[in-house]
Amino acid sequence: MIQPFFHRPTGTMTYLIASGGDAVVIDPCLDYDAATRHIGRGALEPVIASIRSQKLKLHWILETHIHADHLSGADVLRDEFQGARVAISGKITIVAETLAPLLGRESARNGPCNSRAMAKHFDRLLDDGDAIEGGRIRLKAMATPGHTPACMSYVCDAEGAVFTGDSLFMPELGTGRCDFPGGSATHLYNSIQRLYELPPHTTVYVGHTYPPDGQEPKFQTTIEAERASNTHVNAAVTLEDFIRFREARDKTLALPKLFEPSLKWNLFGALK
Ligand SMILES: [Fe+2]
């Protein structure tokens, strides 16, 4: 069973996968008030309540990437449930090295975000194709770089599902931006071609969605629907078309409101 949770302030989707008393959470989220720098657990409480009420054992907390628009609730969730571990793409070392100087930090290799600190913050760094086993729940990590170098989608065959993070949004919303450091429209296009090789009926669970006020979020579609009608990358769009479109669009986008606190928190585990 897949239970979605929507965080309206940041348009973030969190998913709880439950099977036979076991659980995995993908992309948990925290509240953050930029004016007061207050971090709140409100966004996470319904996830925690659901795990507790179903008496689930939480095995893994999976990040689809280092988010630049909201604070991750992975550490809080790990503290809440004994035995839970946090996993993310091993390519975050590239993201950390690229971003550390921009965030006023030493290089990832020598500074506060050295490999030991990184190992403490994340329990497991994933490669493409790695299996993730959480009791009865099985997922496969599928590298889908482009939005960032460290984007990972997660395929759950038993649920016929793939969690695409910011690589692929709902067909009408298209794809994630590719202008963050290390981003690449070419890589994203190629990643999406890999996603499109999944069985057509596979359900796609997206990482963000932005419904108008008062409307419920649309967060799931299929590979078939994406191939047919994704507004940025459908079956008729060439690599050259996409690069031209994506790079032009990205020039018009402002940085996310919570860019700096999100990256500091999500990469280094602290707002300083
Ligand atoms: Fe993102």
Side-chain angles (χ1 to χ4, degrees), residues 2 4 6 10-15 17 26-27 62-70 89 91 128-129 139-212 215-254 256:
I2 295 168
F6 179 52
T10 62
T12 302
M13 294 302 306
T14 296
Y15 298 101
I17 309 170
I26 297 179
D27 284 343
L62 304 178
E63 300 276 23
T64 54
H65 63 297
I66 293 288
H67 309 281
D69 57 359
H70 65 272
S89 164
K91 295 284 192 293
D128 181 48
L139 294 129
K140 191 170 78 179
M142 181 175 179
T144 47
H147 170 60
T148 77
C151 285
M152 196 65 99
S153 294
Y154 297 102
V155 178
C156 182
D157 285 332
E159 298 281 354
V162 60
F163 301 86
T164 56
D166 292 10
S167 298
L168 199 55
F169 295 138
M170 293 297 287
E172 60 274 22
L173 289 180
T175 59
R177 64 196 295 176
C178 294
D179 59 331
F180 293 153
S184 159
T186 302
H187 291 172
L188 182 57
Y189 183 90
N190 292 333
S191 293
I192 291 172
Q193 301 312 308
R194 280 191 79 195
L195 287 167
Y196 284 175
E197 288 168 15
L198 291 168
H201 56 269
T202 304
T203 305
V204 174
Y205 291 87
V206 302
H208 282 290
T209 193
Y210 304 97
Q215 287 189 22
E216 291 301 305
K218 291 184 192 161
F219 56 86
Q220 70 181 87
T221 180
T222 63
I223 289 293
E224 189 172 30
E226 295 278 21
R227 274 180 59 96
S229 62
N230 185 285
T231 185
H232 298 172
V233 183
N234 54 61
V237 176
T238 66
L239 172 62
E240 290 70 28
D241 290 340
F242 179 66
I243 293 171
R244 204 176 309 116
F245 160 79
R246 190 68 265 177
E247 291 183 350
R249 167 68 66 91
D250 288 348
K251 286 197 178 87
T252 71
L253 301 177

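Sequence positions, counted from 1, serve as the residue numbers for this chain.
- Here the OH-OG1 distance, from Tyr210 to Thr10, works out to 7.5 Å after rounding to the nearest 0.5 Å.
- Atom CZ of residue Arg246 and atom CG of residue Leu188 lie 7.5 Å apart, to the nearest 0.5 angstrom.
- To the nearest 0.5 angstrom, Ile223 atom CD1 is 10.0 Å from Ile192 atom CD1.
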Side-chain donor-acceptor pairs of residues 149-158 under 3.5 Å, sequence neighbours excluded:
residue: Ser153; atom: OG; partner: Thr144; partner atom: OG1; Å: 3.0
residue: Tyr154; atom: OH; partner: Glu63; partner atom: O; Å: 2.7

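- If you check the side chains of Thr175 and His232, you find a donor sitting under 3.5 Å from an acceptor.
- Checking Val204, Thr202, Val162 one by one against Leu195, the side-chain contact (heavy atoms from CB on, under 4.5 Å) holds for a single residue, Val162.
- Taking the six-membered ring for Trp and the full ring otherwise, the centers of Phe6 and Phe219 sit at least 6.0 Å from each other.
- With a 4.5 Å cut-off on side-chain heavy atoms, Ile243 and Tyr189 do not count as touching.
- Glu226 is listed as a side-chain neighbour of Thr221, based on a closest heavy-atom distance under 4.5 Å.
- For the residue pair Thr148 and His65, no side-chain donor N or O sits within less than 3.5 Å of a side-chain acceptor on the partner.
- Using a distance-only test at 3.5 Å, with no hydrogens or angles considered, a donor-acceptor pair links the side chain of Tyr15 to the main chain of Val206.
- Counting heavy atoms from C-beta outward, Met13 and Asp27 have side chains that stay 4.5 Å or more apart.
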Please walk me through it: do Leu62 and Phe163 pass side chain to side chain contact (heavy atoms under 4.5 Å, CB included)? CA-CA 10 Å; Leu62 304 178; Phe163 301 86; over 6 Å; no
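- Using modelled atom types, no side-chain atom of Thr164 and backbone atom of Ser167 make a donor-acceptor pair closer than 3.5 Å.
- The aromatic rings of His67 and His70 sit tilted, their planes meeting at an angle between 30° and 60°.
- Contact of the Val237 side chain with the Phe245 side chain is not registered, since no non-hydrogen atoms from C-beta on lie closer than 4.5 Å.
- Within 6.0 Å of atom CD in Glu224, 12 or fewer heavy atoms from other residues, nucleotides or ligands are found, so the atom counts as exposed in its surroundings.
- Looking at every heavy atom in both residues, Thr231 comes nearest to Glu172 through CG2-O, 3.5 Å.
- Side-chain contact between Ile2 and Gln220 is absent, with no heavy atoms from C-beta onward closer than 4.5 Å.
- Atom CZ of Arg227 is surrounded by 12 or fewer heavy atoms from other residues, nucleotides or ligands within 6.0 Å.
- Shown here for Pro171 and Ala225, the closest heavy-atom pair between the two residues is CG-O, 4.3 Å.
- For the atom pair Phe242 CZ and Asn230 CG, the distance stands at 8.5 Å (nearest 0.5 Å).
- His147 places a side-chain N or O within donor-acceptor distance of the main-chain N or O of Arg177, the cut-off being under 3.5 Å.
- Here Arg194 pairs with Asp128 in a salt bridge; the nearest charged N to carboxylate O distance falls below 4.0 Å.
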